[in-house]
Amino acid sequence: MSLFLIKNMHIEGANAIAGFTYGFPAITQFLGFVHALSRKIEPQHGISFDGCAVMCHQHQVHAYRGSDWDDYGFSLTRNPLAKDGKTAPIVEEGKMNLCVSLLIECKGFSGGNSDQEQLISNAIKTQVLSQRCAGGRITNIEACQFKPMPNEAGDCRRLLRPLLPGFILCDRSDYLQQHAENKKDSQNMVMSWLDFSALRYRYETFTESDSVAAEQGQWQRVNKPQSGYLVPLMIGYKQISDVFAAEEVANVRDNTTPFAFTEAVYSVGEWIGSPSRVESINQILWRYQYSSPYYLCRAQQSIHSIESNEDDFDFSY
C-alpha cells in the first residue's frame, strides 16, 4: 500500500456551503472526488483509491460587504438569457477558490521503474484535470507522484513538511462526544455542537448595584469547550427512510439503483498547522465508515490535543 500525492491543486468555483456549514467544502465532497477518480483509474491501471487527507494552502470565498459593519453577501454571477430571451433568475449559491494538496491512500500499486511510475502519474494527472472537485473546476496541479506509506511518526512528518505552508483537516468527533458526556446531555447533540460552532459572548459585571444603570461590566467572549482551530463540519449522511427499489421514486438521479432519503450529519473538525502533531497517517486520512443508518467520513485515530502533546513536538528533519 502506498500514497498518491496531488500537490497544490487549484480549484475555481468550489462549493463554499455544505448544509449548515460555510467557508469550506464538506469532506464528503473530497472523498467523492477520490471515489470517482478511482472508478476511472482502476480499469486501466489496476489501482484503486480509498482514504484521503486534505491540506489547504489558500482559500478565497466569493463574498463581499459594503463596510466593516455590514453582513457578508455572496458575489453572484448573472447567467445568460433564458430561451425566451428574458433574464435568467439569480440562484444564490456560495462559491470559493482554493488551493489544496491531497494525500490519497493507494491500493494495487507495488512500485516499479521510474519511467512506469511517471507514466501512471501523468495518466492520473490528466484524469484529475478532466474532473470536478467539490463542484469546482480544477485549473492547475503542481505535481502528482507516488509516495511510500509512512510507518513511523518521523516518516509521516517528513512527508508532510514539504507541503507546508498549509493546514491539515482532522476529525474531532471525539471532542464532540466528550463534551456531550460532560454536559450529561447526550440526547441533545445539537446544543453541544453549537458550543463548538457558535460565537458567544457573556456580559460580566464588575460591580453589583441595585440600579441597572450603575452596574459596570464588560462583554466577554465565551471560549469553546476545547482549544485549537476548531470548525463545524459536515461528515456524512443518515438514512431517514426505508430503501426504495429502483425506479420506485420519481426524478432521482440514477434509476437503476435503490434509493433512500437521507439527512446531513455534522461533527467537529480541526485545522492542524504543525506536522509535528501528526504521529500516524491514520490520524489525517478520512475514510468511509458505514454502519446502518449512518454513512460517514471518519478518521481511524485522533490527534492528541495541544495541551497533551506540546512537550512531544519533534522539529528534527
Side-chain angles (χ1 to χ4, degrees), residues 2-16 18 23-38 40-41 45 47 49-63 94-106 109 114 117-150 155-171 229 231 233 269-278 281 283-287 297 299 303 317:
S2 59
L3 294 174
F4 186 76
L5 169 64
I6 303 178
K7 184 177 181 180
N8 290 346
M9 180 172 65
H10 294 263
I11 308 173
E12 291 185 357
N15 297 321
F24 198 78
I27 190 63
T28 55
Q29 301 187 35
F30 289 102
L31 281 181
F33 165 79
V34 171
H35 178 69
L37 179 63
S38 179
K40 299 290 181 61
I41 298 299
H45 304 283
I47 299 173
F49 297 136
D50 190 9
C52 174
V54 180
M55 174 182 283
C56 181
H57 308 286
Q58 186 179 8
H59 72 282
Q60 179 186 13
V61 180
H62 297 176
K95 296 294 184 179
M96 65 182 301
N97 298 343
L98 67 157
C99 176
V100 297
S101 291
L102 302 182
L103 278 170
I104 305 174
E105 188 178 19
C106 179
F109 180 77
S114 57
E117 183 175 322
Q118 186 63 39
L119 184 65
I120 298 177
S121 298
N122 292 338
I124 297 177
K125 181 178 180 180
T126 302
Q127 180 60 42
V128 170
L129 289 171
S130 67
Q131 294 189 185
R132 284 181 171 267
C133 182
R137 183 168 59 93
I138 301 173
T139 59
N140 184 53
I141 297 175
E142 180 178 328
C144 288
Q145 53 190 263
F146 289 95
K147 295 288 186 179
M149 180 69 73
D155 297 334
C156 187
R157 293 160 185 169
R158 281 188 288 270
L159 173 67
L160 297 175
R161 286 193 180 105
L163 303 179
L164 294 175
F167 289 82
I168 309 168
L169 184 60
C170 303
D171 185 11
Y229 191 175
V231 291
L233 198 65
E270 181 180 7
W271 290 105
I272 302 294
S274 173
S276 299
R277 295 182 59 189
V278 181
I281 194 68
Q283 294 176 328
I284 61 175
L285 279 179
W286 295 80
R287 297 182 176 93
C297 303
I303 291 182
Y317 285 81

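Separating the OG atom in Ser101 from the CG atom in Leu163 is a distance of 5.0 Å, to the nearest 0.5 Å. Put simply, CD1 on Ile104 and CD1 on Ile6 are 4.0 Å apart, with the number rounded to the nearest 0.5 Å. The CZ atom of Arg277 lies 4.5 Å from the CD atom of Glu270; values are rounded to the nearest 0.5 Å. In this structure, the separation between SG on Cys156 and CE on Met149 is 10.0 Å, given to the nearest 0.5 Å. From Ile120, atom CD1 reaches atom SG of Cys106 across 8.5 Å, with rounding to the nearest 0.5 Å. Of the inter-residue distances, the one linking Phe49 atom CZ with Leu31 atom CG reads 13.5 Å to the nearest 0.5 angstrom.
For the pair Phe30 and Trp286, the minimum side-chain heavy-atom distance is 4.5 Å or more. At a threshold of 4.5 Å between non-hydrogen side-chain atoms, the residues Ile124 and Cys144 do not count as touching. No side-chain heavy atom of Phe4 sits under 4.5 Å from any side-chain heavy atom of Leu37.
For the residue pair Pro148 and Leu3, the shortest heavy atom distance occurs at O-CD1, 4.5 Å. Contact between Arg132 and Arg137 at its shortest, heavy atoms only, is NH1-N, 3.8 Å. Here the shortest heavy-atom pairing between Leu102 and Met9 reads CD1-CE, 3.6 Å. Listed here is the closest heavy atom pair of Gln29 and Gly135: OE1-N, 4.3 Å. Counting all heavy atoms, side chain and backbone alike, Leu285 lies closest to Leu103 at CD2-O, 3.6 Å. Nearest heavy-atom pair across Ala18 and Ala26 is CB-CB, 3.6 Å.
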I would like to know whether Val128 and Lys125 meet side-chain contact (heavy atoms from CB on, under 4.5 Å); could you show each step before the answer? CA-CA 5 Å; Val128 170; Lys125 181 178 180 180; 5.6 Å; no

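The aromatic rings of Trp271 and Phe24 sit perpendicular, their planes meeting at an angle over 60°, well past the 30° parallel limit.
Atom CD of Gln145 is surrounded by more than 12 heavy atoms from other residues, nucleotides or ligands within 6.0 Å. With a 6.0 Å radius and a threshold of 12 heavy atoms from other residues, nucleotides or ligands, His35 has its NE2 atom at or below the threshold. Heavy-atom contacts from other residues, nucleotides or ligands closer than 6.0 Å to NE2 of His10 number more than 12.
Residues satisfying the salt bridge (charged side-chain N to carboxylate O under 4.0 Å, His left out) criterion with Lys7, sequence neighbours excluded, are Glu142. Taking the salt bridge (charged side-chain N to carboxylate O under 4.0 Å, His left out) definition, one finds that Arg287 meets it with Glu105, sequence neighbours left out. Not a single side chain to side chain contact (heavy atoms under 4.5 Å, CB included) links Leu119 to another residue, sequence neighbours left out.
For the side-chain contact (heavy atoms from CB on, under 4.5 Å) with Leu160, the lone residue among Pro275, Ser274, Pro150 that qualifies is Pro275. The side-chain contact (heavy atoms from CB on, under 4.5 Å) test with Ile284 singles out one residue from Asp171, Ile168, Val54, and that residue is Ile168.
Remark: the backbone N or O of Ile11 is not paired with any side-chain donor or acceptor of Thr139 at under 3.5 angstrom. Side-chain atoms of Asn97 come within 3.5 Å of backbone atoms of Gly13 as a donor-acceptor pair (strictly under, hydrogens ignored). Here the side chain of Asn15 pairs a donor or acceptor atom with the backbone of Ala134 at under 3.5 angstrom. Without hydrogens or angle criteria, His57 side chain to Pro165 main chain gives a donor-acceptor distance under 3.5 Å. A donor-acceptor pair is defined here as one N or O able to donate and one able to accept, closer than 3.5 Å; such a pair exists between the side chain of Ser121 and the backbone of Glu117.
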